[in-house]
Amino acid sequence: MISTTPTPTATGRPPTTSTAHLLLRQWPFLITGLLFGVLLIKSEAASWYRIQEMFRFQSIHMYGLMGSAVLTGLITTTLLRRAGPRALNGETIHVPAKTGPTSRYVLGGLIFGLGWGLAGVCPGPIFALLGSSLLPMLIVLAAALVGTWAFGAVQKLL
Amino acid sequence: MPELLRLLQEPWPWYVSGPLIGLTVPLLLLLGNRAFGISSNLRHACAILLPNAAKPSLFRYDWRAQSWNLMFAAGLILGGVVAATLMRDPQPAQLTGAAVQSLGALGVQVQPGLLPAELTDLTRPATWGLLILSGLLVGFGTRYAGGCTSGHAITGLSTLQLPSLIATVSFFAGGILSANLLLPLFLR
């Protein structure tokens with residue numbers, strides 16, 4: 001209430017200690033993210049070369065990767081939802097349905113794809129490549145934040 | 001030991017890493033009923049960084065309730081650190097001959113690492129243009145489409161959602177157009 005300088009956490013009331021506490025409790029997601037980041041790089045999904053190869057239909061690599069990921073996710077997620085309705089934190093397992101007009105998925109998807117085909121990165125690899133000390137990714141990340149903000153700014157007009 | 005080291009350094013074949021990537025969806029559901037998706041972090045970052053007065057309504061929500069997602073992104077960065085230090089692959093990606101030839105025709109040499117010089121050489125204005133345009137389109141498009149490759153192509157398809165199939169097909173249509181028509185404008 002006395003703070004007039006905009007700080008990164010000045011969006012709400014809770015003091016930083018509670019945010020830090022909240023983040024600390026989330027360590028299993030940090031570990032899962034770490035493993036996923038390693039996977040993105042070792043699978044070469046974060047390789048610009050592999051993305052270009054995919055968009056020119058010159059190799060099975062990325063199609064096999066995504067196909068086997070979806071198939072595995074489909075089978076295991078279906079089994080999980082049938083077997084145990086509760087997550088470890090007690091919540092009932094529920095995947096929110098994607099809603100909204102089809103135009104959103106077509107146009108948004110096309111715009112996303114145009115960006116994906118250029119620098120060869122989607123949001124996951126941006127973070128993993130940054131960790132690999134590929135600092136030009138900071139430019140992509142900053143631009144992606146501007147793009148996200150721009151969507152928020154014009155959302156009502158679309 | 002040299003065997004283990006080689007295993008860590010070599011790229012992992014798609015039929016090993018693909019299923020492991022797919023397991024992320026049930027793992028996050030099991031850990032805390034979380035639907036896997038990474039692009040939400042871009043939205044959270046906007047919600048955190050933008051001053052309240054100048055905030056479009058898209059960014060007015062309690063991002064703390066989604067802090068697991070920020071931790072996941074922090075994990076991604078750490079994963080990049082681990083992969084680049086302990087597991088760095090000294091070889092260039094083993095692309096097909098056709099891919100090496102197409103990239104060569106665009107003036108791109110396949111070198112060790114994940115990105116070519118055309119994306120890392122910041123002395124070329126075209127590199128800046130490519131990186132900035134790519135980021136803008138990815139950021140705008142992913143929010144418009146309500147997810148990225150993780151949220152739609154992996155989670156959405158794994159849970160048989162039609163909107164995600166439409167989004168994924170559009171991701172690919174855009175990517176094919178971009179890689180073949182737009183990208184050459186930034187190279188050479």
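Hydrogens, waters and symmetry mates are skipped; everything else that's a heavy atom, side chains included, is used.
Screening A/Leu158, A/Ile111, A/Val146 for a side chain to side chain contact (heavy atoms under 4.5 Å, CB included) with A/Phe151, the sole residue that qualifies is A/Leu158.
Contact annotation for B/Gln101: neither backbone nor side-chain heavy atoms come within less than 4.5 Å of a heavy atom of chain A. Using a 4.5 Å cut-off between heavy atoms, A/Thr99 does not touch chain B at all. Heavy atoms closer than 4.5 Å to chain B are found nowhere in A/Pro125, neither backbone nor side chain. Contacts between A/Leu40 and chain B at a heavy-atom distance below 4.5 Å involve the side chain alone, from C-beta outward. Interface remark: B/Phe59 contributes side-chain atoms only to the contact with chain A (heavy atom separation under 4.5 Å). Residue A/Ile93 touches chain B through both its backbone and its side chain, counting heavy-atom pairs closer than 4.5 Å. For A/Leu129, the part lying near chain B is the side chain, with the backbone staying farther off; criterion is any non-hydrogen pair under 4.5 Å. Looking at A/Met54, only its side chain comes within 4.5 Å of chain B, counting heavy atoms on both sides. Heavy atoms closer than 4.5 Å to chain B are found in the side chain of A/Arg81, but not in its backbone. At a 4.5 Å heavy-atom cutoff, the contact between A/Leu145 and chain B is made by backbone and side-chain atoms alike. When heavy atoms are compared at a cutoff of 4.5 Å, B/Ala35 approaches chain A solely by way of its side chain, counted from C-beta outward. No part of B/Val169 comes within reach of chain A, as not one of its non-hydrogen atoms sits under 4.5 angstrom from that chain. The parts of B/Ile21 that come within reach of chain A are both its backbone and its side chain, each placing non-hydrogen atoms under 4.5 angstrom from that chain.
Residues A/Phe29 and B/Phe72 keep their aromatic ring centres 6.0 Å or farther apart.
Contact count against chain B (heavy-atom pairs under 4.5 Å) is highest for A/Val95 among A/Val154, A/Leu141, A/Val95, A/Leu130.
Looking at heavy atoms from C-beta onward, B/Glu10 lies out of side-chain contact with B/Gln91 at the 4.5 angstrom threshold.
Between the B/Glu118 side chain and the B/Leu187 main chain, no donor and acceptor come within less than 3.5 Å of each other.
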